[in-house]
Amino acid sequence: MLEIYEMPGHLIRRLNQVSVSLFLQETTKAGIDITPVQYAAMTSINTDPGLDQITLASNIAYDRVTIGGVVDRLVKKGFVIRKVNSKDRRSKSLHLTGKGEALLVQIKPFISQVQLNLLDGLSDSEVDIFLSLLKKATNASNLQSRAPLKI
């Protein structure tokens with residue numbers, strides 16, 4: 001057995017691979033063209049309509065430079081619009097379109113299924129423990145990230 005199979009970093013990376021794969025499998029089956037990061041961005045915009053790209057990047061712990069491309073793709077797909085920010089004309093505020101709002105409603109059952117499939121091998125009590133420990137470990141190392149989550 002390889003040494004990496006006992007390393008948390010490798011196991012977390014591998015679980016992320018599985019998560020992305022399951023996400024794309026479910027959304028593709030449903031005919032939905034969206035990535036996990038695009039979904040995270042849309043849920044953040046939905047929760048805080050009018051936020052700017054820097055706040056969006058911070059909300060989803062994503063690199064500030066790369067978030068522009070994510071937003072560009074969401075705009076091209078017709079899910080998000082940029083508006084001139086009335087408080088700061090140099091920045092743009094982000095809003096979901098009607099198509100983007102409808103997509104979040106449509107995709108919800110598929111996202112729920114991904115979460116169930118991802119933790120399929122765990123009992124209910126193990127899921128609770130796993131999520132609690134995962135949150136604790138993530139929060140403890142948050143500030144070491146290139147794109148720390150604002151907590």
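The basis for the numbers below is simple: all heavy atoms, side chains too, and nothing from hydrogens, waters or symmetry mates.
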Query - hydrophobic_cluster_shared for F79 and I81, side chain cutoff 4.5 Å - result: no
Query - ring pair (Phe, Tyr, Trp, His ring centres under 6.0 Å): pairs with one or both residues in residues 108-148, sequence neighbours excluded - result: none
Query raised in the report: Which pair of non-hydrogen atoms, one from E126 and one from S123, has the smallest distance, and what is that distance?
Result: OE1-N, 2.8 Å
Report task. Please say which of V114, I111, I60, I32 ends up in a side chain to side chain contact (heavy atoms under 4.5 Å, CB included) with Y39. Result -> I111
Query raised in the report: Distance-only, no hydrogens or angles: does the Q38 side chain make a donor-acceptor pair with backbone N or O of T35 under 3.5 Å?
Result: yes
Report task. Give a yes or no on whether V127 and L116 share a hydrophobic cluster (residues Ile, Leu, Val, Met, Phe, Trp, Tyr; joining criterion: side-chain heavy atoms under 4.5 Å apart). Result -> no
Query - Expected output: side-chain T28 to main-chain L24 donor-acceptor under 3.5 Å - result: yes
Query - For G78 against T97, the heavy-atom pair lying closest together - result: O-OG1, 2.5 Å
Query raised in the report: Between K92 and D52, is there a salt bridge with N-O shorter than 4.0 Å?
Result: no
Query - Ionic contact status for K77 with D72, cut-off 4.0 Å - result: no
Requested in this report: Spell out, as yes or no, whether a donor-acceptor pair under 3.5 Å connects the side chain of N16 to the backbone of I12.
Outcome: no
**Report entry** Side chain T27, main chain F23, donor-acceptor under 3.5 Å
**Finding:** yes
Query raised in the report: Judged by atom type as modelled, is there a donor-acceptor pair below 3.5 Å linking the side chain of S21 to the main-chain atoms of Q17?
Result: no
Requested in this report: Kindly give the heavy-atom pair with the smallest separation between Q53 and L94, and that separation in Å.
Outcome: CG-CD1, 3.9 Å
Requested in this report: Go through I34 and M42 one step at a time and tell me if the side chain to side chain contact (heavy atoms under 4.5 Å, CB included) criterion holds.
Outcome: CA-CA 10 Å; I34 191 169; M42 288 179 65; 3.4 Å; yes
Query - Under 3.5 Å donor-acceptor, T138 side chain and L134 backbone - result: yes
Query raised in the report: With distance as the sole test, does S141 use its side chain to make a donor-acceptor pair with the main-chain N or O of A137 at under 3.5 Å?
Result: yes
**Report entry** S93 and H95: side chain donor to acceptor below 3.5 Å
**Finding:** yes
**Report entry** Path from V37 to I107 over hydrophobic side-chain contacts below 4.5 Å
**Finding:** yes
**Report entry** Rounded distance [0.5 Å steps], CD1 in I67 versus OH in Y62
**Finding:** 6.5 Å
Requested in this report: Spell out, yes or no, whether V20 and L74 are grouped together once hydrophobic residues are joined by side-chain heavy atoms under 4.5 Å, including indirect joins.
Outcome: yes
Requested in this report: For S19 and L15, indicate whether the former's side chain and the latter's backbone hold a donor-acceptor pair under 3.5 Å.
Outcome: no
